[in-house]
Amino acid sequence: MNNIGQRIRELRKKNDLTQEALADFLGITYKAVSKWECGMTVPDISLIMPLSRILHVTADELLGGNTEEADLRRAELDERCENNWKYDQQEMYELALQAVKEYPGDYKYLTWLANMEYYMAYEDQYREDPAKPYSPEMIERSIKHSNMVIEGCTDYRLREKAMWNAMICCRYSDQQDKALEYAKMFPERKPITRARAMEVCLDGEELIVQRQAISYEALHEFCMSLMELYRFANRKEPHVMAALDTEEAVLKTIFSDGNYLDFHWHLYCVYEKRTQLECRAGMYDKAIEYLKIMLDHGKQYRQTLEGLTEHTCGIFSRLNITFVHGGNSLPTVRNGAWDLQKPFMEMVREELMTEEVYAPLREREDFRKLLE
């Protein structure tokens, strides 16, 4: 008993953990840890594997264990953690819970759990009060686990993910002051990116290609920034219309021949919002007019993804552009999981036939013809 307790104490101190911190990770009281280290008791067999992992030793060094099986399990959890958007959210939440239980000192899994708890907060089965759009208990769990990462993790990428998660939890649970506190924790954007560093090192043709690539990505970011101004708008407010007009005007200027490549998707979003705004305003003829343009951009976007369109824009003349979505699909959330296989236009038709905002159009003959 004493040997196990002494080993736990040595490894705990080596990993800069207090008895309280070790107990928190294992979900037990600090008195239990104290009793182990004093030789009064030994850990329960169910805690041996988690304990060995948080102390960064093999179970063999405590009581014995199969390292090959442990490595396979770790690889399985890593794959699910890194690609959780491919799977059902409920399944990923339960797996994240298990990952934290099996590897209690792993901040990557703790970040994963905090993220899944935020999503689960909005699922019906976890909402204690049906009148509330979210579960306060699940939100608080997510914030607690995010704070554990923020306070204990040295990996800045995981810390920033945790800060973002805690901020979002607060922002959408009526805790705006706390959300701002997390927002202020973020470091300023680093001025030198890999792309900019590469630009300094290149010359001639390679330098032109690099600068075109930077411009291409910057244009996408610009469009995404404008989209945030109108994305959730329900009325034709001046800033909303200005953002829509600006995005369209910029793209028409750059792609003067009308070959917008994958920027057809941005114009699709512009006209999707124009259609919705006209529907809400009761201007159904105008909505149909915009819907037609929206569907045209959707079809051309699909053709771009299928590789049926060669780019002709002079600004990006040197780029060999590979479109990241692949096939003719656009990732979209369906039933708690990312659907990577649904064809883009099938997804569009489904939204037009189910979204409430389009309900006034569904009885019109011209609407039905457009869907054909």
Side-chain angles (χ1 to χ4, degrees), residues 219-220 222-313 321 323-334 339 341-372:
L219 183 57
H220 269 298
F222 172 74
C223 290
M224 292 300 294
S225 297
L226 288 177
M227 186 185 296
E228 291 303 313
L229 290 173
Y230 62 76
R231 186 178 176 188
F232 299 108
N234 292 322
R235 294 183 299 175
K236 298 181 187 179
E237 298 181 76
H239 73 278
V240 171
M241 303 313 294
L244 292 167
D245 293 342
T246 300
E247 185 171 354
E248 184 174 7
V250 168
L251 292 178
K252 284 185 175 181
T253 299
I254 293 174
F255 300 96
S256 57
D257 62 355
N259 183 9
Y260 296 101
L261 306 174
D262 59 339
F263 286 89
H264 275 294
W265 181 74
H266 290 290
L267 288 171
Y268 168 89
C269 293
V270 166
Y271 277 92
E272 178 184 44
K273 180 53 62 177
R274 290 192 191 279
T275 302
Q276 293 172 355
L277 292 175
E278 296 300 341
C279 282
R280 295 184 189 282
M283 306 296 288
Y284 303 127
D285 289 342
K286 195 68 174 177
I288 289 292
E289 179 184 331
Y290 287 150
L291 178 61
K292 183 177 180 180
I293 301 173
M294 166 188 142
L295 291 174
D296 183 59
H297 282 298
K299 291 174 184 176
Q300 293 189 64
Y301 174 69
R302 179 194 63 190
Q303 292 171 359
T304 299
L305 298 186
E306 290 175 339
L308 302 179
T309 305
E310 294 184 4
H311 82 79
T312 55
C313 178
I321 300 171
F323 298 105
V324 296
H325 299 307
N328 66 340
S329 304
L330 179 69
T332 183
V333 175
R334 284 290 180 270
D339 182 355
Q341 304 303 321
K342 185 181 291 295
F344 179 66
M345 293 309 295
E346 181 182 334
M347 180 197 75
V348 171
R349 292 189 185 92
E350 184 178 302
E351 290 185 350
L352 289 171
M353 293 305 297
T354 57
E355 295 290 336
E356 183 180 353
V357 67
Y358 301 114
L361 302 181
R362 287 199 275 269
E363 299 301 319
R364 294 176 59 118
E365 181 66 22
D366 48 6
F367 177 83
R368 290 193 288 269
K369 285 184 177 180
L370 282 176
L371 289 192
E372 293 174 2

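Not measured: the values here are computed from a predicted model. Computed from heavy atoms alone, side chains included, the values below leave out hydrogens, waters and symmetry copies.
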Criterion side-chain contact (heavy atoms from CB on, under 4.5 Å) on Val250 and Phe263, from CA distance to verdict: CA-CA 11 Å; Val250 168; Phe263 286 89; over 6 Å; no
Nearest non-hydrogen partners of Val348 and Tyr268, listed with the distance: CG2-OH, 3.2 Å
From CA spacing to verdict: side-chain contact (heavy atoms from CB on, under 4.5 Å), Glu278, Glu289: CA-CA 10 Å; Glu278 296 300 341; Glu289 179 184 331; over 6 Å; no
Lys/Arg N to Asp/Glu carboxylate O, Lys369 vs Glu372, below 4.0 Å: no
Donor-acceptor under 3.5 Å (Asp262 side chain, Thr304 main chain): no
Minimum side-chain heavy-atom gap Lys292-Asp366 below 4.5 Å: no
Ile293 and Leu267, any side-chain heavy atoms less than 4.5 Å apart: no
Non-hydrogen atoms of Cys313 and Ile254 that approach each other most closely: SG-O, 3.6 Å
Atom CZ of Arg231 with >12 non-hydrogen neighbours under 6.0 angstrom: no
Carboxylate-amine/guanidinium contact Arg349 Glu346, below 4.0 Å: no
Under-4.0 Å salt bridge between Glu247 and Lys273: no
Donor-acceptor contact below 3.5 Å, side chain Arg274 vs main chain Ala287: no
In residues 352-361, what donor-acceptor pairs under 3.5 Å come from side-chain atoms, sequence neighbours left out?
from: Thr354; atom 1: OG1; to: Glu350; atom 2: O; distance (Å): 2.7
from: Tyr358; atom 1: OH; to: Gln276; atom 2: NE2; distance (Å): 3.1

Whether His297 and Tyr271 hold their rings parallel, tilted or perpendicular, with breakpoints at 30° and 60°: parallel
With Ala281 via side-chain contact (heavy atoms from CB on, under 4.5 Å) - residues at least two apart: Lys236, Met283
Stepwise side-chain contact (heavy atoms from CB on, under 4.5 Å) test for Met224 and His266: CA-CA 8 Å; Met224 292 300 294; His266 290 290; 3.7 Å; yes
Distance in Å, Arg280 CZ paired with Asn234 CG, rounded so as to fall on 0.5 Å steps: 4.0 Å
Point-to-point distance, once rounded to the nearest 0.5 Å, from CD of Glu272 to CG of Leu277: 10.5 Å
Val240 side chain reached by Arg235 side chain, heavy atoms, under 4.5 Å: no
Spacing of CZ belonging to Arg368 relative to CZ belonging to Arg362, to within rounding of 0.5 Å: 12.0 Å
Side-chain touch Tyr284/Ile288, heavy atoms, less than 4.5 angstrom: no
CG on Leu291 to CG on Leu371, rounded to 0.5 Å: 7.0 Å
Crowding at CD, Glu365 (>12 non-hydrogen neighbours, <6.0 Å): yes
side-chain contact (heavy atoms from CB on, under 4.5 Å) partners for Cys269, two or more places apart: Met227, Tyr230, Trp265
Spacing of CE belonging to Met294 relative to OH belonging to Tyr301, to within rounding of 0.5 Å: 13.5 Å
Rounded distance (nearest 0.5 Å) linking atom CG of Leu226 with atom CG of Leu244: 9.0 Å
